[in-house]
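Have a look at the structure below, then the notes.
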Amino acid sequence: MPLRPAPDAAALQVRAVTAADLDAIAALHTRARAAYHRARFPGAPFDVPAEQARWHEAWSRDLARDDTPALCAARYGTVIGAASYRHRADHRLADHRPVPAVTLHQLHVDPGHWGTGVGLALHHACLRAWHAAGVSRAALDVLWHNHRARAFYTRLGWRPDPDRRPAPDATHLTLTLDLTTVPAPPAPDGR
């Protein structure tokens, strides 16, 4: 595999998604899904226009929700990654009081930028926002066969949810992250 040139870290910006980003996010989401699904379903048409329209509509709905912040990563003005999470209450205390929690709903990087730090930058931005909001627990569902994503989340401290078994058809796995043990990463500018 040829080595990629090191990306310019200073050129990568993570910011809130705007409506103007929707087309780019739908396109990169479609390409990312096609790339990881091809490992399991070679030749399946995951990157057709109907899939891009589907993800454009899904991201539009997310942006319309007050409880679902969305971030994108851009390098030199081109959107190359996106993430969204949903706030929720988690009832894990013995007295059943709600605890602030989130579900990482989406995190996708354009396959041409895999391994260049984009996913990590998005994840770090999410962690900083979660810590600032007093969130103590995060959860996500990852496709069982998406070994690349599972390895990424494992390296970042995510673990299988002991209270949720894998789906009966083994399509996905629920992972959790205890934010009381994972510190917030510093801001990119060192603050």
Side-chain angles (χ1 to χ4, degrees), residues 1-41 44-49 51-63 68-86 102-130 138-158 172-175 177 182 184-188:
M1 178 186 304
L3 294 176
R4 291 184 187 177
D8 182 359
L12 184 65
Q13 295 181 318
V14 176
R15 59 174 173 75
V17 170
T18 68
D21 300 318
L22 280 175
D23 289 342
I25 290 171
L28 77 85
H29 185 146
T30 303
R31 286 190 298 274
R33 283 182 51 85
Y36 61 72
H37 277 308
R38 279 193 192 105
R40 187 170 183 194
F41 306 106
F46 289 103
D47 52 0
V48 295
E51 280 295 294
Q52 189 164 331
R54 175 181 170 212
W55 293 113
H56 189 283
E57 177 61 29
W59 279 93
S60 293
R61 283 190 311 268
D62 275 357
L63 288 180
T68 307
L71 304 170
C72 67
R75 187 172 279 139
Y76 300 112
T78 300
V79 175
I80 56 177
S84 70
Y85 55 90
R86 193 160 291 149
V102 294
T103 298
L104 181 58
H105 186 58
Q106 305 284 353
L107 196 157
H108 299 281
V109 174
D110 192 295
H113 296 273
W114 285 356
T116 65
V118 176
L120 184 61
L122 283 165
H123 189 267
H124 281 175
C126 289
L127 284 177
R128 285 189 294 275
W130 299 342
L140 65 83
D141 282 339
V142 62
L143 289 172
W144 187 264
H145 70 276
N146 191 344
H147 299 289
R148 180 184 188 87
R150 288 175 57 189
F152 172 79
Y153 291 120
T154 297
R155 282 192 306 274
L156 295 171
W158 294 80
H172 68 275
L173 176 66
T174 300
L175 302 177
L177 184 64
V182 176

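The figures that follow rest on heavy atoms only: side chains count, while hydrogens, waters and symmetry mates do not.
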- For the student: nearest non-hydrogen atoms of Leu28 and Ile80, plus distance: CD2-C, 3.6 Å
- Looking at Cys72 and Ala16, what are the two nearest heavy atoms and their distance? SG-O, 4.4 Å
- Message: With rounding to the nearest 0.5 angstrom, report the OG1 to CD distance, Thr68 to Gln106.
- Response: 10.0 Å
- d(Arg155 CZ, Leu120 CG) to nearest 0.5 Å is 9.0 Å
- Just by distance, do the side chain of Arg86 and the backbone of His105 share a donor-acceptor pair under 3.5 Å? no
- Closest contact, heavy atoms only, Trp55 versus Thr30: CD1-OG1, 3.7 Å
- Task: Indicate yes or no for a side-chain donor-acceptor contact from Trp114 to the backbone of Val109 under 3.5 Å, with no hydrogens or angles considered.
- Result: yes
- Task: Please test Trp158 against Phe152 for ring pair (Phe, Tyr, Trp, His ring centres under 6.0 Å), starting from the C-alpha separation and ending with a verdict.
- Result: CA-CA 9 Å; Trp158 294 80; Phe152 172 79; 9.4 Å; no
- Considering only heavy atoms from C-beta outward, does the side chain of Ser84 approach that of Leu71 to under 4.5 Å? no
- Task: Taking the six-membered ring of Trp59 (Phe, Tyr or Trp), confirm whether the NZ or CZ of Arg54 is under 6.0 Å from its centre and within 45° of its axis.
- Result: no
- Task: Grab the two heavy atoms, one from Gly81 and one from Val118, that are nearest each other, plus how far apart they are.
- Result: CA-CG1, 4.1 Å
- Non-hydrogen atoms of Ala82 and Leu122 that approach each other most closely: N-CD1, 3.4 Å
- Item | Distance, nearest 0.5 Å, that separates CG of Leu173 from CG of Asp141 | 8.0 Å
- Item | Under 3.5 Å: donor-acceptor pair, side chain of Arg128, backbone of Pro186 | yes
- Give the C-alpha distance, both sets of side-chain angles, the deciding distance and a yes or no for side chain to side chain contact (heavy atoms under 4.5 Å, CB included) between Leu177 and Leu127. CA-CA 10 Å; Leu177 184 64; Leu127 284 177; 3.7 Å; yes
- Query: Can you tell me how far the CG atom of Leu140 sits from the OG1 atom of Thr103, to the nearest 0.5 Å?
  - Reply: 8.5 Å
- Quick one: does Asn146's side chain get under 4.5 Å of Arg148's, heavy atoms only? yes
- Message: So, taking the atom named CZ in Arg33 and the one named NE2 in His108, what distance separates them when rounded to the nearest 0.5 Å?
- Response: 7.0 Å
- Message: Please give me the minimum heavy-atom distance between Val14 and Ala125, naming the atom from each residue.
- Response: CG1-CB, 3.6 Å
- Can any side-chain N or O of Thr78 pair as donor or acceptor with the backbone N or O of Ala74 at less than 3.5 Å? no
- Backbone N/O of Thr18 and side chain of Asp21: donor-acceptor pair under 3.5 Å: yes
- Query: Would Arg75 and Asp110 pass as an ion pair if we require N to O under 4.0 Å?
  - Reply: no
